[in-house]
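Below is one structure, written out as structure tokens; comments come after it.
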Amino acid sequence: MLITNIKGLVGLHSKDKLVLRGGELDYLPILENAWLLIENGLIKDFGEMDSIPSHISNLASHISAEGRYIFPSWCDSHTHIVFAASREEEFAMKIQGKSYEEIAAAGGGILNSADKLQKASEDELFEGASIRLKQMILQGTGAVEIKSGYGLTTESEIKMLRVIRRLKDHFPIPIKATFLAAHAYPAEFKNNHQGYIDLIVNEMLPQIAEEKLADYIDVFCEKGFFSVEETDQVLKAGGKHGLKPKVHANQLSVSGAVEVSVQNKAISVDHLEESDEETIQTLRNADTIVTLLPSCSFYLGIPFADAKSFIKADLPVALATDYNPGSTPSGNMNFVVSLGCIKMKMFPEQAINAATLNGAAAMEISENYGSITVGKKANLFITKPMPSIAYLPYSFGEMQIETVILNGEIYNG
């Protein structure tokens with residue numbers, strides 16, 4: 001496939017650039033008036049239109065992208081898209097000002113989703129997640145991480161992870177699976193935390209390892225959920241089965257979650273709506289990626305993470321959706337990029353880099369995804385005609401994507 005007359009090829013990072021730290025996020029290389037050649041699902045070559053080789057200029061499979069930009073696909077490294085039902089019944093409670101904790105105490109929240117999921121079949125979960133994932137892909141997402149965590153029993157957590165494996169088999173994008181049974185304590189273990197942790201460690205993890213169902217292990221480390229000590233215990237148990245940590249950290253309070261995550265060499269710490277100088281100093285001494293979820297803040301009405309301080313501290317920042325039925329019922333990465341700019345004061349270049357190459361790095365796939373680089377997978381999207389790249393986050397709520405390309409082929413859903 002040859003694409004010509006491209007207004008701008010966005011994100012031309014070098015092959016050896018696998019993650020962007022701090023000020024590197026400011027730099028978003030763009031080649032104007034360009035052509036792009038795709039071969040065998042990979043980016044074969046690109047250049048300026050006035051230097052297009054004559055032997056490829058008349059290829060039969062040819063697209064003109066006049067006035068349009070080509071971006072690397074969004075890489076969404078934090079989602080919970082396998083769930084049984086939406087939770088709009090909690091919507092009014094949020095509007096009334098009920099807090100996340102108050103909704104959970106009233107029978108809502110994670111336990112609400114767990115109750116519904118336990119009653120759903122694997123086929124039902126797969127069908128629902130497939131609809132969501134297809135919509136995300138059409139909105140430009142070309143790689144995704146999906147968590148369990150609405151099962152909270154061995155049977156239902158395994159069921160969720162098997163659904164994620166089916167999604168891997170059925171969709172043409174890389175999908176990473178994260179085991180998140182440490183999402184909340186089931187009601188029967190409310191006063192017996194160690195009993196539930198023992199269930200995770202002694203029953204769930206061995207079966208997950210045997211079936212090779214997960215890439216990562218995650219814990220919701222927060223007051224009222226899993227303590228720092230409990231988080232450490234679960235992460236270490238996951239590590240013994242080869243699962244790398246990715247942690248829900250500092251969403252509602254500065255909890256010590258970042259410190260225990262770094263001690264366990266977490267690939268990423270996600271949320272960080274609450275942070276302080278100690279949090280930043282801890283991350284400065286680590287390779288852990290800071291994954292921010294601004295649409296969660298938007299929906300819950302909680303503070304937005306301090307992206308500018310993380311970037312100023314020379315940290316690698318990624319953006320992701322947190323798509324889930326309770327706190328972020330949207331998988332639209334375009335809106336996430338807009339919120340990164342509008343609410344977290346990131347420059348468009350920073351937000352786009354955070355949602356592409358650094359999102360890929362948070363899933364450990366940036367060798368093959370996240371930028372327009374010769375040899376990488378041709379997972380891309382072509383915009384509608386736009387005056388500049390800043391127009392994409394500027395025009396929040398508007399769909400600026402015209403064509404999605406996955407593995408070098410146009411995707412129609």
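Hydrogens, waters and symmetry mates play no part in the numbers below; they use all other heavy atoms, side chains included. Throughout, numbering of the chain's residues begins at 1 and tracks the sequence.
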Worksheet item: Does the ring centre of Phe298 sit less than 6.0 Å away from the ring centre of Phe304?
Response: no
Discussion item. For the residue pair Ser330 / Asn332, report whether a side-chain donor-acceptor contact shorter than 3.5 Å exists.
Written reply: no
Item to complete: Please name all residues satisfying side-chain hydrogen bond (donor to acceptor under 3.5 Å, both in side chains) with Ser366, sequence neighbours left out, ordered by chain then number.
Response: none
Discussion item. Using 0.5 Å steps for rounding, measure from the CD1 atom of Ile3 to the CH2 atom of Trp35.
Written reply: 11.5 Å
Fill in: Donor on one side chain, acceptor on other, Asn358 and Asn353, under 3.5 Å
no
Practice prompt. Using only heavy-atom distances, determine whether the side chains of Thr4 and His62 contain a donor-acceptor pair under 3.5 Å.
Written response: yes
Worksheet entry | Derivation of the side-chain contact (heavy atoms from CB on, under 4.5 Å) call for Ile6 and Arg68 | CA-CA 6 Å; Ile6 306 161; Arg68 296 158 172 84; over 6 Å; no
Discussion item. Checking Lys119 now: which residues fulfil salt bridge (charged side-chain N to carboxylate O under 4.0 Å, His left out) with it, not counting sequence neighbours?
Written reply: Asp115
Discussion item. Using side-chain contact (heavy atoms from CB on, under 4.5 Å), reason through Ile164 and Thr178 one step at a time and then give a plain yes or no.
Written reply: CA-CA 9 Å; Ile164 298 170; Thr178 298; over 6 Å; no
Worksheet item: Partners of Glu367 by salt bridge (charged side-chain N to carboxylate O under 4.0 Å, His left out), sequence neighbours excluded?
Response: none
Item to complete: For Asp232 and Gln263, run side chain to side chain donor-acceptor pair (under 3.5 Å): C-alpha distance rounded to whole Å, both residues' side-chain angles, the deciding distance at 0.1 Å, then the answer.
Response: CA-CA 9 Å; Asp232 186 57; Gln263 288 164 15; over 6 Å; no
Worksheet item: Nearest 0.5 Å, what's the NZ-CD distance between Lys159 and Glu122?
Response: 8.5 Å
Discussion item. To check you understand the geometry: which heavy-atom pair defines the closest contact between Cys341 and Ala351, and what is its length?
Written reply: SG-CB, 3.9 Å
Discussion item. With rounding to the nearest 0.5 angstrom, report the CD1 to OG distance, Ile208 to Ser148.
Written reply: 6.5 Å
Discussion item. Among residues at least two apart in sequence or on other chains, which ones pass salt bridge (charged side-chain N to carboxylate O under 4.0 Å, His left out) with Lys376?
Written reply: none
Discussion item. Just to verify, what does Thr328 make a side-chain contact (heavy atoms from CB on, under 4.5 Å) with, not counting sequence neighbours?
Written reply: Ser295, Cys296, Asp322, Asn324
Discussion item. Going by ring-ring contact (aromatic ring centres under 6.0 Å, His included), name the residues that satisfy it together with Tyr394, two or more places apart in sequence or in a different chain.
Written reply: Tyr391
Practice prompt. Evaluate side-chain contact (heavy atoms from CB on, under 4.5 Å) for Tyr411 paired with Lys134, printing each intermediate quantity in order.
Written response: CA-CA 10 Å; Tyr411 180 84; Lys134 189 177 295 184; 3.5 Å; yes
Worksheet item: What distance separates Met160 CE from Leu180 CG, expressed to the nearest 0.5 Å?
Response: 8.5 Å
Response to the item:
Glu66 meets the side-chain contact (heavy atoms from CB on, under 4.5 Å) criterion, sequence neighbours left out, with Asn5, Ser64
Worksheet item: Does the distance from a Lys or Arg side-chain N to an Asp or Glu carboxylate O, for Glu89 and Lys116, drop under 4.0 Å?
Response: yes
Response to the item:
Shortest non-hydrogen pair, Ile342 vs Lys345, comes out as O-NZ, 3.2 Å
Worksheet entry | With sequence neighbours excluded, residues passing side-chain contact (heavy atoms from CB on, under 4.5 Å) with Glu188 | Pro186
Worksheet item: In chain order, what residues pass the ring-ring contact (aromatic ring centres under 6.0 Å, His included) check against Tyr185, with sequence neighbours excluded?
Response: His193, Tyr196, Phe226
Worksheet item: Thr154: what forms a side-chain hydrogen bond (donor to acceptor under 3.5 Å, both in side chains) with it, not counting sequence neighbours?
Response: Glu203
Worksheet entry | Check ion pair Glu24-Arg21 (N to O, under 4.0 angstrom) | no
Worksheet item: Can you tell me how far the NE2 atom of His78 sits from the CG atom of Leu293, to the nearest 0.5 Å?
Response: 5.0 Å
Discussion item. Measuring from atom CD of Glu102 to atom NZ of Lys94, what distance do you get when rounded to the nearest 0.5 angstrom?
Written reply: 12.0 Å
Practice prompt. Quickly, which of Lys176, Lys246, Lys244 forms a salt bridge (charged side-chain N to carboxylate O under 4.0 Å, His left out) with Glu364? Name it, please.
Written response: Lys244
Practice prompt. Please determine if Asp169 and Arg165 form a salt bridge, counting it only when a charged side-chain N lies under 4.0 Å from a carboxylate O.
Written response: no
Worksheet item: Can you find a side-chain donor-acceptor pair between Thr383 and Glu402 that sits under 3.5 Å?
Response: no
Fill in: Contacts of Phe220 that satisfy ring-ring contact (aromatic ring centres under 6.0 Å, His included) - sequence neighbours left out
Phe225, His248
Worksheet item: For the residue pair Phe381 and Trp74, does the interplanar ring angle fall in the parallel (under 30°), tilted (30 to 60°) or perpendicular (over 60°) class?
Response: tilted
Fill in: Test salt bridge (charged side-chain N to carboxylate O under 4.0 Å, His left out) applied to Asp218 - qualifying residues, sequence neighbours left out
Lys147
Discussion item. Could you check whether atom CZ of Phe347 has more than 12 heavy atoms from other residues, nucleotides or ligands sitting under 6.0 Å from it?
Written reply: no
Worksheet item: Going by atom types alone, do Ser395 and Gln400 pair a side-chain donor with an acceptor below 3.5 Å?
Response: yes
